[in-house]
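Structure, as structure tokens:
None of the values given here were measured: they were computed from a predicted structure.
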Amino acid sequence: MADESWRLPNLVQQLAANVQVPPSQYLLREEEPLGRDLAGTEMPEPIPTIDLGLLSASNDAEEVAKLRSALDTWGFFQVSNHGMESSLIDSMMTASRDFFRLPPEEKRKYSNLLDGKHFQVEGYGNDQVKTRDQRLDWSDRLHLKVEPEDQRNLAHWPIHPKSFRDDLHEFTLKSKRIKDNILQAMAKLLGLHEDSLVNQFTDKALTYARFNYFPPCPRPDLVLGIKPHCDAFALTVVLMDKDVAGLQVLRDGTWYKVPTLPNYNLLINVGVAMEFMSQVMTNGVFRSPVHRVVTNAEIERISLAVFYGFDLEKEIGPIADLLNEEQPPRYRIMKTKDFLAAHYEHLSRGERLVDSLRI
């Protein structure tokens, strides 16, 4: 029987504690499509900051202009005055850190490997390894479905620390309100009814929470925490480590370093599904940014990303309200499940799916 052990990489947290040189599977290749320099460049201007309370309450012209500029130039922005209590943010981050500090045998209770060898999306571990030459990320993760609520697989939800489940449930509720407020503002930018984008998310729409753990790496100049990618879903709400930076975003061929966020602000990222659905009327305004995470030689880093997607059976494409004889559809319609599969296939080749779907 062929040796399939390469499909089961070591947990990076354990690997980091025992090696001085990262294994070759983690090292940058000689030829990297998006460059080998991981140092990054300082951002030319601060991350756009949107006062979400002011934007939602009054559609303040200044906040609207900042949102449009952020979507047009970066595809991501930070939100302040978002309604999520700082105590909840602190508690969620503390629970996340405490989980990753549990003994290995405790964390393995939530493994994403069925019978120790069959990969599933939910659970604790690494991303799926599909080929022998796949470059691996220097990170472990806990990936959980949080919506629809009746589809939560609580077998993968840690019971230690004790606050974890309650914190994540509350964080999910507050994050959903933030997502809806942002989608309403984005709809207004397009001249649509404010609920046009919110209504694209049915009660079967998928939401995942991904807790990322980046242990110290002995060669941060040669190893990435997460490889370059665009988020596949529609919108992402990110709780970043308040002390340790690591996120970088690509614009016009340059990798820019995203600093830590002040004052419990949250980062909002446009996903490829939203780009695709809105492309026909935004002429590129809603563009999903390519981003990556670099490693750190001395200190761990943690982040939480909440990914908002559509029902897997939903057909996504141009929003019907904007189509007419003068503005016909320019992109093929696809079911969400097919769109996601095609996105990951194109991503593996370094290509953008949206660019290939023109009619």
Side-chain angles (χ1 to χ4, degrees), residues 47-57 63 76-102 107 110 122 124 140-154 156-185 198 201 205-214 231 233-247 258-269 271 293 300-309:
I47 302 173
T49 302
I50 311 300
D51 184 320
L52 192 56
L54 194 58
L55 180 67
S56 303
E63 299 304 315
F76 73 97
F77 51 93
Q78 59 179 313
V79 290
S80 63
N81 193 19
H82 45 62
M84 188 179 295
E85 299 87 350
S86 59
S87 58
L88 174 59
I89 291 175
D90 282 337
S91 186
M92 188 75 264
M93 186 59 78
T94 298
S96 306
R97 199 176 303 277
D98 287 348
F99 169 77
F100 286 110
R101 290 177 176 174
L102 290 173
K107 294 196 291 278
Y110 310 101
E122 286 193 82
Y124 165 70
D140 297 328
R141 48 70 152 190
L142 175 65
H143 202 95
L144 303 173
K145 183 187 291 186
V146 295
E147 291 178 337
E149 188 172 341
D150 62 2
Q151 293 183 24
R152 292 176 179 177
N153 185 350
L154 294 181
H156 287 122
W157 286 49
I159 58 174
H160 298 295
K162 291 183 179 180
S163 66
F164 188 96
R165 291 186 175 188
D166 288 342
D167 284 343
L168 180 54
H169 176 72
E170 187 66 21
F171 191 93
T172 300
L173 294 177
K174 296 293 178 65
S175 181
K176 184 176 182 178
R177 293 174 197 161
I178 292 169
K179 179 262 294 183
D180 287 348
N181 287 339
I182 291 168
L183 291 175
Q184 289 173 336
V198 173
F201 296 80
L206 299 176
T207 305
Y208 286 93
R210 174 173 168 136
F211 299 82
N212 299 299
Y213 178 81
F214 307 94
D231 291 346
F233 282 26
L235 204 70
T236 310
V237 177
V238 185
L239 172 55
M240 294 173 60
D241 194 308
K242 65 185 179 69
D243 299 314
V244 185
L247 179 65
V258 178
T260 57
L261 304 185
N263 306 320
Y264 295 96
N265 290 356
L266 298 171
L267 193 73
I268 310 298
N269 189 37
V293 178
E300 67 184 13
R301 180 177 180 271
I302 288 178
S303 65
L304 165 58
V306 182
F307 300 101
Y308 289 96

Side chain of [X], backbone of [Y]: donor and acceptor closer than 3.5 Å?
| X | Y | value |
| --- | --- | --- |
| E147 | T207 | no |
| D51 | G53 | yes |
| Q184 | S56 | no |
| D241 | I302 | yes |
| R152 | V146 | yes |
| K107 | F100 | yes |
| S96 | M92 | yes |
| H82 | Y264 | yes |

Heavy-atom pair of closest approach, residues [X] and [Y]:
| X | Y | result |
| --- | --- | --- |
| P148 | A205 | CD-O, 3.4 Å |
| L206 | Q151 | CD2-OE1, 4.4 Å |
| E149 | H169 | OE2-CE1, 3.6 Å |
| A95 | P161 | O-CG, 3.5 Å |
| R165 | L154 | NH2-O, 2.8 Å |

Ring pair (Phe, Tyr, Trp, His ring centres under 6.0 Å) involving [X] - partner list, sequence neighbours excluded:
| X | value |
| --- | --- |
| H156 | none |
| Y110 | none |
| F171 | none |

Do [X] and [Y] touch side chain to side chain, with heavy atoms closer than 4.5 Å?
| X | Y | value |
| --- | --- | --- |
| I178 | L52 | yes |
| F76 | V258 | yes |
| Y308 | F201 | yes |
| D140 | Y124 | yes |
| L247 | R301 | yes |
| L235 | I268 | yes |
| V244 | T260 | no |
| P158 | L142 | yes |

Distance check, rounded to the nearest 0.5 Å: [X] atom [atom1] versus [Y] atom [atom2]?
| X | Y | atom1 | atom2 | value |
| --- | --- | --- | --- | --- |
| N265 | L239 | CG | CG | 11.0 Å |
| M93 | S303 | CE | OG | 7.0 Å |
| I50 | I182 | CD1 | CD1 | 9.0 Å |
| L173 | L168 | CG | CG | 9.5 Å |
| S87 | E170 | OG | CD | 9.5 Å |

Aromatic plane relationship, F233 with F307 - under 30° parallel, 30 to 60° tilted, over 60° perpendicular: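 Ring orientation of F307 relative to F233: perpendicular.
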
Enclosure of K174 NZ (heavy-atom neighbours >12, cutoff 6.0 Å):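 Yes.
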
Which residues share a side-chain contact (heavy atoms from CB on, under 4.5 Å) with E300, sequence neighbours left out: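 With neighbours one apart ignored, the set is R97, R101, Y213, P216.
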
Residue from F99, W157, F164 passing ring-ring contact (aromatic ring centres under 6.0 Å, His included) with F211: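 Exactly one option meets the ring-ring contact (aromatic ring centres under 6.0 Å, His included) with F211, and it is F164.
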
Qualifying residues under side-chain hydrogen bond (donor to acceptor under 3.5 Å, both in side chains), relative to T49, sequence neighbours excluded: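 Here the qualifying residues are Q78.
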
Under the side-chain hydrogen bond (donor to acceptor under 3.5 Å, both in side chains) test, residues paired with K176 that sit two or more places apart: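 Checked K176 against side-chain hydrogen bond (donor to acceptor under 3.5 Å, both in side chains); zero matches.
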
